[in-house]
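Below is one structure, written out as structure tokens; comments come after it.
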Amino acid sequence: MTTYPAFNPDQTTLPEGAASPIRATTVDLRSDTVTRPTPAMRGAMASAEVGDDVYGEDPTLNRLQSRAAEIFGREAALFVPSGCMGNLIAIKVWTRPGEEVICEERAHAFQYELASMSALAGCMPRTVPAPDGLLTWNHIEPLIELKSSHRAHTGLVELENTHNLGGGTVYPVAQAEEICDAAHALGLHVHLDGARIFNAAVALGRPAGEITRKFDSVMFCLSKGLGAPVGSMLVGSREFIDKAHRVRKILGGGMRQAGVLGAAGLVALEESPKSLHVDHQNARYLAEGLSAIPGIRIRPEKVVTNIVIFDVAGAKKTPAEICAALKSKEVLANPFGKHTIRMVTHYDVDRAGIDRALAALRQILA
Ligand code: TLP
């Protein structure tokens with residue numbers, strides 16, 4: 001089974017003491033998490049009406065939660081500090097300690113969430129590799145165990161859309177729905193790590209609520225391509241959200257005047273999906289440019305959202321060396337595997353920035 005290197009943002013950050021950690025001229029392609037709040041978000045934050053959310057009295061957060069529930073066609077939603085916490089809460093709500101969570105081998109919840117499902121929910125991941133990270137029911141069915149008195153029982157199925165390590169790949173709706181239907185027929189719940197579900201929705205040309213309607217719970221991030229400074233959402237039934245609310249508190253995620261964050265989240269939710277297609281166009285443009293550089297291997301046609309993962313096994317430098325060289329040219333990217341580098345497009349990087357990244361790579365690999 002493949003293991004993935006520790007995600008090490010320090011590899012590409014500037015030295016301590018710098019006035020601003022990232023210079024305005026830097027092309028930062030490490031992640032869409034680096035997006036800074038837009039002027040509209042900052043304005044909304046400054047004037048947000050707030051209250052104590054632990055009492056359920058923050059009007060801005062309540063508005064954000066109602067709007068998220070509405071967009072996803074669900075009974076309720078909950079604001080959570082991070083995507084990791086959102087996934088963990090869902091796992092804790094749907095499972096009991098000692099159960100297994102079936103997920104793809106490169107799932108974020110398995111690779112990059114510090115084994116929280118084991119440490120804090122008492123669950124064991126049961127993983128299976130799938131092409132481009134996209135599971136089918138045929139991958140999942142043989143892993144399900146519901147009766148044995150020897151083996152751990154399946155507690156939950158978890159999918160990821162878009163699939164980060166798969167390269168921002170998108171589930172065909174019918175494939176995801178078949179999994180949900182088949183799991184439900186066995187009495188199993190299905191949680192979606194939809195950190196970038198709006199990217200998937202834009203790529204499919206269908207509303208986020210429609211492509212996720214069969215999942216029992218969905219987590220999506222406001223703080224990635226949507227650009228909010230902090231926060232993710234869980235959506236689901238009233239009963240699920242009531243339980244999630246308690247688990248959030250257990251995990252220390254009860255917040256007070258969180259409306260200042262929610263205000264940015266509301267702008268992110270309403271405005272940002274409209275321009276994600278530009279990030280996708282830039283990602284494809286980047287992938288096409290990369291495919292013409294000797295030593296780099298990538299299939300541009302596979303890049304359908306904002307994540308670009310390319311293979312540098314054919315270059316004479318390691319991913320870490322290449323990223324260090326890029327950094328000296330004020331282009332930031334993350335090594336993302338033994339032979340791979342990841343670049344993620346977002347609204348803080350324009351076409352000229354992509355051209356700079358491509359020119360820097362051409363020089364480094366020449
Ligand atoms: N992903 C981050 C890193 O952790 C790798 C990134 O830069 O892409 N699900 C998925 C699919 C994610 O990509 C991430 C973050 C999360 C969950 C966790 O979200 P946060 O960072 O808000 O806890």
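Bear in mind the structure is a predicted one, so any value in this text is a computation, not a measurement. One-based numbering, in listed order, for ligands and for the atoms of each.
For ligand 1, the atoms closer than 4.0 angstrom to any heavy atom of S31 are 6 (C), 7 (O), 8 (O). Of all atoms in ligand 1, numbered sequentially from 1 with element shown, those under 4.0 Å from a heavy atom of R196 are 6 (C), 8 (O), 12 (C), 13 (O). Using a 4.0 Å cut-off to heavy atoms of E113, the atoms of ligand 1 that qualify are 17 (C). Within ligand 1, the atoms closer than 4.0 Å to a non-hydrogen atom of E160 are 11 (C), numbered from 1 in the order shown. Atoms of ligand 1 found under 4.0 Å from any heavy atom of G83 (numbered from 1 in listed order, with element): 18 (C), 19 (O), 20 (P), 22 (O), 23 (O). Atom numbering of ligand 1 starts at 1 in the shown order; those under 4.0 Å from a heavy atom of C84 are 18 (C), 19 (O), 20 (P), 23 (O).
Under a 4.0 Å N-O distance rule, the pair R196/D32 qualifies as a salt bridge. Salt bridge annotation for R67-E270: present, with a cationic side-chain nitrogen under 4.0 angstrom from a carboxylate oxygen.
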task = Start with the C-alpha distance between M85 and M219, add both sets of side-chain angles, then the distance that settles side-chain contact (heavy atoms from CB on, under 4.5 Å), and finish with yes or no.
result = CA-CA 9 Å; M85 191 191 278; M219 183 282 291; over 6 Å; no
task = Dump the intermediate steps for side chain to side chain donor-acceptor pair (under 3.5 Å) on H184 and D216, then the final yes or no.
result = CA-CA 9 Å; H184 291 159; D216 299 285; 2.7 Å; yes
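Comparing H108, Q111, R106, M85 by heavy-atom distance to atom 2 (C) of ligand 1, the nearest is H108.
Aromatic ring centres of Y171 and F215 lie farther apart than the 6.0 Å criterion allows.
On a distance-only criterion, T33 and ligand 1 share no N/O pair closer than 3.5 Å. For D193, a nitrogen or oxygen atom sits less than 3.5 Å from a nitrogen or oxygen atom of ligand 1, counting backbone and side chain alike. In terms of polar-atom proximity, defined here as any N/O pair under 3.5 Å, T162 makes no such contact with ligand 1.
Ligand 1 lies out of reach of H163, whose nearest heavy atom is not under 4.0 Å from it. Within the 4.0 Å heavy-atom cutoff, K224 counts among the residues contacting ligand 1. Ligand 1 is never approached by R30 to a heavy-atom distance shorter than 4.0 Å.
For residues 303-312, the pairs satisfying salt bridge (charged side-chain N to carboxylate O under 4.0 Å, His left out) are R297-D311, with sequence neighbours left out.
Both F220 and L192 sit in one connected hydrophobic cluster of ILVMFWY residues. Membership requires side-chain heavy atoms under 4.5 Å apart, directly or through other members.
For the residue pair E75 / S237, no side-chain donor-acceptor distance below 3.5 Å is found, with atom types taken as modelled.
With sequence neighbours excluded, the residues that form a ring-ring contact (aromatic ring centres under 6.0 Å, His included) with H189 are W94.
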